[in-house]
Amino acid sequence: AGADPTAYFTEVIDADQKVEPRDWMPEAYRRTLIRQIAQHAHSEIIGMQPEGNWITRAPSLKRKAILLAKVQDEAGHGLYLYAAAETLGVSRDDLVDLLLTGRQKYSSIFNYPTLSWADMGTIGWLVDGAAIVNQVPLCRCSYGPYARAMIRICKEESFHQRQGYEILYTLAHGTPAQREMAQDSVNRWWYPSLAMFGPPDQDSTHSAQSMAWKIKRFTNDELRQRFVDMCVGQAEALGLTLPDPALRWNDERGAYDFTQPDYEELLRVIKGEGPCNRQRMEHRRQAHQEGAWVRAAAAAYAAKQANKKEK
Ligand code: 3HC
């Protein structure tokens, strides 16, 4: 890294290379990465709840097996991301504590209820679809461990999105009641999925700095627009309509004009006043408490193995 580590850091960022855990990095770079990666991990873990709600009520063994696999994948994504955050010098226990005490966030999208089986399709198609739009650029994030975690996660998200799309396609081409259930689900999840990309760029506290450090490669609004443009054709293929009468192709912009989500609602949900925030946190706190014996047993076993090695 030579005499001046800050020059080296800037060179690495400018050359689109990776900053690695042992490299010098500005304290603020480390802190914003811990913030973003930890909250990303928390989102994956909390995100297991809305879908977990339907595992015992899946309409067939095949759908149950696929949903089980998807929920287990989300836990694994949380694991990769906590491990990536730990390379920045924080412990997973500390991060979990920050979540459980409400000092760190998780994605707004998981504070909405899953009211029908069709929601399993819509979450796969829209929420995992949005996640892919957000996470593919993160594979080129300047921090090595985060970028590498994203590569594996994006592969699994593609499976998540395909299985969700297929559920919706089956329902949309099923009985009128199934069609209606699919359309109702899309109507409920469309705007919260747009809000998932974060506040508009002019209200985004971190975007400018995160873009300068090549953590973020596109802004919130750029990714939101990309997501809308991707979904319009897919909705047509599904035979479902997106609940936005203002949606229309704009030749000049080469993109769809669309109605923005309610950012006041997003702020309320982020602050903890969404439909399911309390339930999600209570469930997580209880699960954490009930899992204490597993953590103690694993630690005791690890200590025993370590003793054996020393003898
Ligand atoms: N939900 C909750 N908080 C949000 C949010 C959302 N949808 N969007 C923004 N925020 C928060 C930010 O965390 C920040 O608060 P903080 O300073 O306390 O962290 C504040 O609102 C201002 O927003 P910014 O745009 O300035 O924040 P960022 O630059 O961090 O951008 C982000 C927000 C786009 C979510 C970015 O953090 C990001 O890309 N994170 C990684 C991806 C991620 O976390 N995805 C969550 C979904 S997980 C998932 O999709 C699982 C899949 O399996 C379904």
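Just so you know, ligand 1 is whichever comes first in the structure, and atom 1 is the first atom listed for that ligand. For clarity, every value in this text was computed on a predicted model and none was experimentally measured.
More than 12 heavy atoms of other residues, nucleotides or ligands lie within 6.0 Å of CD in Gln305, so this atom counts as buried by the packing criterion.
Pairs passing the salt bridge (charged side-chain N to carboxylate O under 4.0 Å, His left out) check and including a residue from residues 22-46, sequence neighbours excluded, read Glu27-Arg30. For residues 241-262, the set of pairs meeting the ring pair (Phe, Tyr, Trp, His ring centres under 6.0 Å) definition, not counting sequence neighbours, comprises Trp249-Tyr256.
Near ligand 1, residues Arg35, Gln36, Gln39, His40, Ser43, Glu44, Glu74, Lys105, Tyr106, Ser107, Ser108, Phe110, Val127, Asp128, Ala131, Asn134, Leu138, Tyr146, Glu157, Ala195, Met196, Phe197, Gly198, Pro199, Ser204, Thr205, His206, Lys216, Asn220, Ile270 each place a heavy atom inside the 4.0 Å sphere around the ligand atoms.
Residues passing the ring-ring contact (aromatic ring centres under 6.0 Å, His included) test with Tyr29 are Phe9, Trp213, sequence neighbours excluded.
At least one side-chain heavy atom of Ser116 sits less than 4.5 Å from a side-chain heavy atom of Arg188. Counting heavy atoms from C-beta outward, His40 and Tyr80 have side chains that stay 4.5 Å or more apart.
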